[in-house]
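Notes for the one structure printed next.
Below, chains carry the letters A, B, ... as their sequence lines are ordered, and counting in each starts from 1. The model shown is predicted, which means the values in this text are computed figures rather than measured ones.
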Amino acid sequence: MATNLEDKKISKNFIELIVEEELAAGKNGQRIHTRFPPEPNGYLHIGHAKAICLDFGIAENYQGKCNLRFDDTNPTKEDVEFVDSIKEDIHWLGYDWEGREFYASDYFGKLYDFAVELIQRDLAYVDDQNSEAIASQKGTPTEAGTFSPYRQRTVAENLDLFQRMNAGEFAEGSRVLRAKIEMSSSNMHMRDPIIYRIIFTPHHRTGTTWKVYPMYDFAHGQSDYFEGITHSLCTLEFVPHRELYDWFVNQLKTDDYAPRQIEFNRLNLTYTVMSKRKLLQLVQTGVVDSWWDPRMPTLSGLRRRGYTPESIRNFVDKIGYTKYLALNDISLLESSIREHLNQIATRVMAVLNPLKVVITNYPEGQSEELDTPNNPEAPETGNRMIPFSREIFIEKDDFMENPPKGYFRLFPGGEVRLKSAYVISCHDFKKNAETGEIEEIYCTYDPETKSGSGGIQKKVKGTLHWVSAPHAFKAEVRLYDRLFMDENPDGHKDKDFTEFLNPDSLKIMPNCMLEPSLKTADLSQKFQFTRLGYFCLDSMYSTTESLVFNRVVGLKDSWTKQQKG
RNA sequence: UGUUCGAUGGUGUAAUGGUAGCACUGCAGAUUUUGGUUCUGCCUGUCUAGGUUCGAAUCCUAGUCGGACAACCA
């Protein structure tokens, strides 16, 4: 059968192979239906993007459907705030659920009825013990559990009690409903799992209608079943839940159809943490400014940082789906965004650490407009004019009084080309006698070397970026580095992940000088600051009066690497 | 001393019994008005031991190592 996959890539992941086998066998009438089931208790991160791409991607590639279903079975943790951000992030990534927006809470009635049915079939009972007592009877992975003293209650008594639990007659934690399965199962999840608990916190959608709420295991598979899901894709830690998932579905099903749970490896990235709890901790302790801080691996953070949805989808496609617990190198993510931004970013000039250069043979008060390409990788984007004058700024790093071997930039007696302008040579400089700091440098330019003029093709080693001092405007630029200094910050048993926080993950550069065209920059644009990296406007701190730019990622820099080397 | 899932270069991922390939990283070199891009080359791999087979990364057995599992979380 023809799939959209075939013209995209050659190799398929193990889930696609399963799907194709089932399709070939005619399972479920060759229907493919997945779901993305976030819990609305936090912001989506790039690990969720991996799941989203799989869930929606499988549907897309096999002419199927993918539902969005909020797994909102725990009102004490969930909130509408997160529902909206989750929907926004999925759309931003480029996926759509075509109106099939569901909630586990949509099924509270059906789930309650199913629980009642299980009680009637003597497959569920009300347990009056507290959580400690229940836990102690659970046994351990190597020892069987023991029966609850309430396991043999009559159907009538269970029915009455469960109804009264939901009526609010009993305190939170005083009673639970348990499935009656097998206390000696080698799978802990099968040892009479709790399926309903009493919660009085109002639910974000159903308010105070319910006093009992289903547990994940009692809601997820059944919700899949109600929605006609064929493939319920989740992460590896749910492998032991599958037996229970199937058990409930088998009690529920009336024909051949049953959803199938398949587990894949979650995303781990070097130099970052991915758990919602830890990300929340970073927000609450003020390490970052919000869930959408540009250093966060959240989709909102990556978006603010300047990552494109294309680059994230591309990255996810490259790391693949397996059952191996992998730790993916962050450099692969960085290469994905560089690859995309290299194609689409407008090349502009910005100087982060300005050093004034006076071109002593350029007439005072004169200026001119020079032609420069917007993006050499995309010639169709055309050219624009940039102003040039007697005084310009270059990067402090681009001048050295005593340069080391292999330094291609400016030094006394040396010459360089100014990008899209002229070749200049340095004949003098001013140095602060006390601090030793270079304050100003003096150069002459060669009018014959104007870029694109067809004049003298002088060969110089280096080309520098620059801005015209009287035309440039000041802006703030924020440079980001990885949040953690350890490759696997939460992979140490004896050390807390916060011990590895990088104190230099944010560097604010308040006095950058930018070329005038950047004054009208907007949030939709991506830039390459020539020779520096990729940048975009910051959506939180930028105002029309004072612009703030974020560095998405630096350019590859073999010079710095060589120096440190 | 349980159950269960897994193991292919530094990292991630292909090869579905028939030439171990790709991407990232790293290292060289070429090109370049970005020390970017692009191009070329190089480095490095089937956890171990048996077995099945003409042939094993792939199948079988045992071992080693790693993960998950004892929330009224999802």
Interatomic distance at P, G66(B) relative to U1(B), whole Å:
16 Å
Proximity to the side chain of Ala326(A) - top-ranked nucleotide from G12(B), G36(B), A23(B)
G12(B)
Report yes or no: is there a donor-acceptor pair, N or O only, under 3.5 Å between the side chain of His189(A) and the base of A68(B)?
no
What's the gap between A15(B) and C47(B) when it is taken at their P atoms, as a whole Å value?
16 Å
With no angle test and no hydrogens, is the base of U34(B) tied to the side chain of Arg531(A) by a donor-acceptor pair under 3.5 Å?
no
Mind checking if Gln528(A) touches a base, just sugar-phosphate, or nothing, with heavy atoms under 4.0 Å?
base
Mate of U19(B) across any strand shown (Watson-Crick or G-U wobble, both atom pairs under 3.5 Å) is none
Please determine which of Asn375(A), Asn374(A), Asp371(A) meets the side chain to side chain donor-acceptor pair (under 3.5 Å) test together with Asn383(A).
Asp371(A)
Need one value for Thr322(A): base, sugar-phosphate or nothing, where a base atom within 4.0 Å counts as base even if backbone is also close, heavy atoms only.
sugar-phosphate
Can you figure out which of G67(B), U33(B), G35(B) approaches the side chain of Lys419(A) most closely?
U33(B)
pair_partner(U58(B)), Watson-Crick or wobble, both distances < 3.5 Å, evaluates to none
Measure from the side chain of Asp329(A), starting at C-beta and using heavy atoms only, and say which of G67(B), U11(B), U33(B) lies closest.
U11(B)
Answer for the Watson-Crick or wobble partner of C69(B), both distances under 3.5 Å, is G2(B)
May I ask you to check if Arg175(A) and Phe170(A) form a cation-pi contact, with NZ or CZ under 6.0 angstrom from the six-membered ring centre and within 45° of the axis?
yes
Could you tell me whether Ser420(A) contacts a base, only the sugar-phosphate backbone, or nothing, with contacts defined as non-hydrogen atoms closer than 4.0 Å?
base
Have a look at Ser331(A) and say if it touches a base, only the backbone sugar-phosphate, or nothing, with a 4.0 Å heavy-atom cut-off.
sugar-phosphate
Which part of the nucleic acid, if any, lies within reach of Leu236(A) when heavy atoms closer than 4.0 Å are counted: base, sugar-phosphate only, or nothing?
nothing
Close aromatic pair by centroid cut-off 6.0 Å: Tyr216(A) and Phe238(A):
yes
So Tyr196(A), base contact, sugar-phosphate only, or nothing? Heavy-atom distance under 4.0 Å.
nothing
Rounded to whole angstrom, note down the P distance from U58(B) over to C24(B).
29 Å
Can you check whether any acceptor in the base of U34(B) is under 3.5 Å from a donor in the side chain of Arg347(A), or vice versa?
yes
Compare the aromatic ring of Trp559(A) with the six-membered base ring of G35(B) and state whether they stack according to the 5.5 Å and 30° rule.
yes
Sugar-phosphate, base or nothing in reach of Asn187(A), heavy atoms under 4.0 Å:
nothing
Base-pairing mate for U8(B) - Watson-Crick or G-U, with both contacts under 3.5 Å
none
Run the salt-bridge test on Glu339(A) and Lys318(A) with the 4.0 Å N-O cut-off and return the result as yes or no.
yes
So, do Tyr196(A) and Tyr213(A) have ring centers that fall under 6.0 Å from each other?
no
Should the side chain of Ser451(A) and the base of U33(B) be counted as holding a donor-acceptor pair, with the cut-off at 3.5 Å?
yes
Out of A68(B), A14(B), U34(B), minimum distance to the side chain of Pro240(A) belongs to A68(B)
Should Asp127(A) and Lys180(A) count as an ion pair when the cut-off is N to O under 4.0 Å?
no
Side chain of Lys459(A) - closest among C24(B), U16(B), U33(B):
U33(B)
For Pro38(A), which contact category applies under a 4.0 Å heavy-atom criterion: base, sugar-phosphate, or nothing?
nothing
When you measure from the side chain of Ser335(A), which nucleotide among U34(B), A14(B), C24(B) comes out closest?
C24(B)
Rounded to whole angstroms, how far apart are CD on Glu237(A) and P on G6(B)?
15 Å
Ionic contact status for Glu368(A) with Lys450(A), cut-off 4.0 Å:
yes
Can you say whether the rings of Tyr107(A) and Phe102(A) are parallel (under 30°), tilted (30 to 60°) or perpendicular (over 60°)?
tilted
If the C1' atom of A74(B) is compared with that of C59(B), how far apart are they to the nearest Å?
38 Å
Nearest-angstrom distance from the residue atom CG of Asn13(A) to P of U13(B)
11 Å
Taking the C1' atom in each of A57(B) and G21(B), what is the distance between them to the nearest angstrom?
13 Å
Of the listed nucleotides (G36(B), G2(B), C72(B)), which one gets closest to any side-chain atom of Pro141(A)?
G2(B)
Let me know the distance between CD of Gln343(A) and P of U37(B), rounded to the nearest Å.
12 Å
Taking any heavy-atom pair under 4.0 Å as a contact, classify Leu17(A): base, sugar-phosphate, or nothing.
base
Rounding to an integer number of angstrom, what distance separates G45(B) and A49(B) when you compare their P atoms?
16 Å
G36(B) to U31(B) separation - P atoms, rounded to the nearest Å
14 Å
Distance-only donor-acceptor test (3.5 Å): side chain Arg409(A), base G35(B)
yes
Starting from P on A14(B), measure out to CD1 on Ile15(A) and report it in whole angstrom.
11 Å
Distance check needed: G10(B) P versus Ile330(A) CD1, whole Å only.
21 Å
Nucleotide U34(B), atom C1' - distance to CG of Leu464(A) in whole Å
10 Å
Could you tell me the Watson-Crick or G-U partner of U46(B), where both distances fall under 3.5 Å? Say none if there is no partner.
none
Partner of U40(B) under the Watson-Crick or G-U wobble criteria, both distances under 3.5 Å, comes out as A28(B)
Under 4.0 angstrom, heavy atoms only, what part of the nucleic acid is Tyr407(A) near: base, sugar-phosphate, or nothing?
base
Whole angstrom is fine here: how far is it from CZ in Phe315(A) over to C1' in G12(B)?
9 Å
Of the options C24(B), A70(B), U37(B), whose atoms approach the side-chain atoms of Lys138(A) most closely?
A70(B)
Using atom C1' in both nucleotides, what's the gap between U44(B) and U52(B) to the nearest angstrom?
32 Å
No-H, no-angle donor-acceptor pair, Glu487(A) side chain to G10(B) base, under 3.5 Å
no
What is the separation between atom CZ on Phe14(A) and atom C1' on G6(B), rounded to the nearest whole Å?
11 Å
Which nucleotide in the set G67(B), A74(B), G6(B) lies at the smallest distance from any side-chain heavy atom of Leu325(A)?
G67(B)
As a test of reading the structure: which of A74(B), C27(B), G12(B) is closest to the side chain of Tyr324(A), going by heavy atoms?
G12(B)
I'd like to know if the side chain of Arg266(A) reaches the main chain of Leu236(A), judged simply by a donor and an acceptor atom lying under 3.5 Å from each other, with no hydrogens or angles considered.
no
Applying a 3.5 Å limit to both distances, which nucleotide forms a Watson-Crick or G-U wobble pair with U33(B)?
none
Counting only distance, no hydrogens or angles, is the base of U38(B) paired donor-acceptor with the side chain of Glu377(A) under 3.5 Å?
no
Between Tyr422(A) and Phe388(A) (judged by ring centroids, cut-off 6.0 Å), do the two rings come close enough to count as a pair?
yes
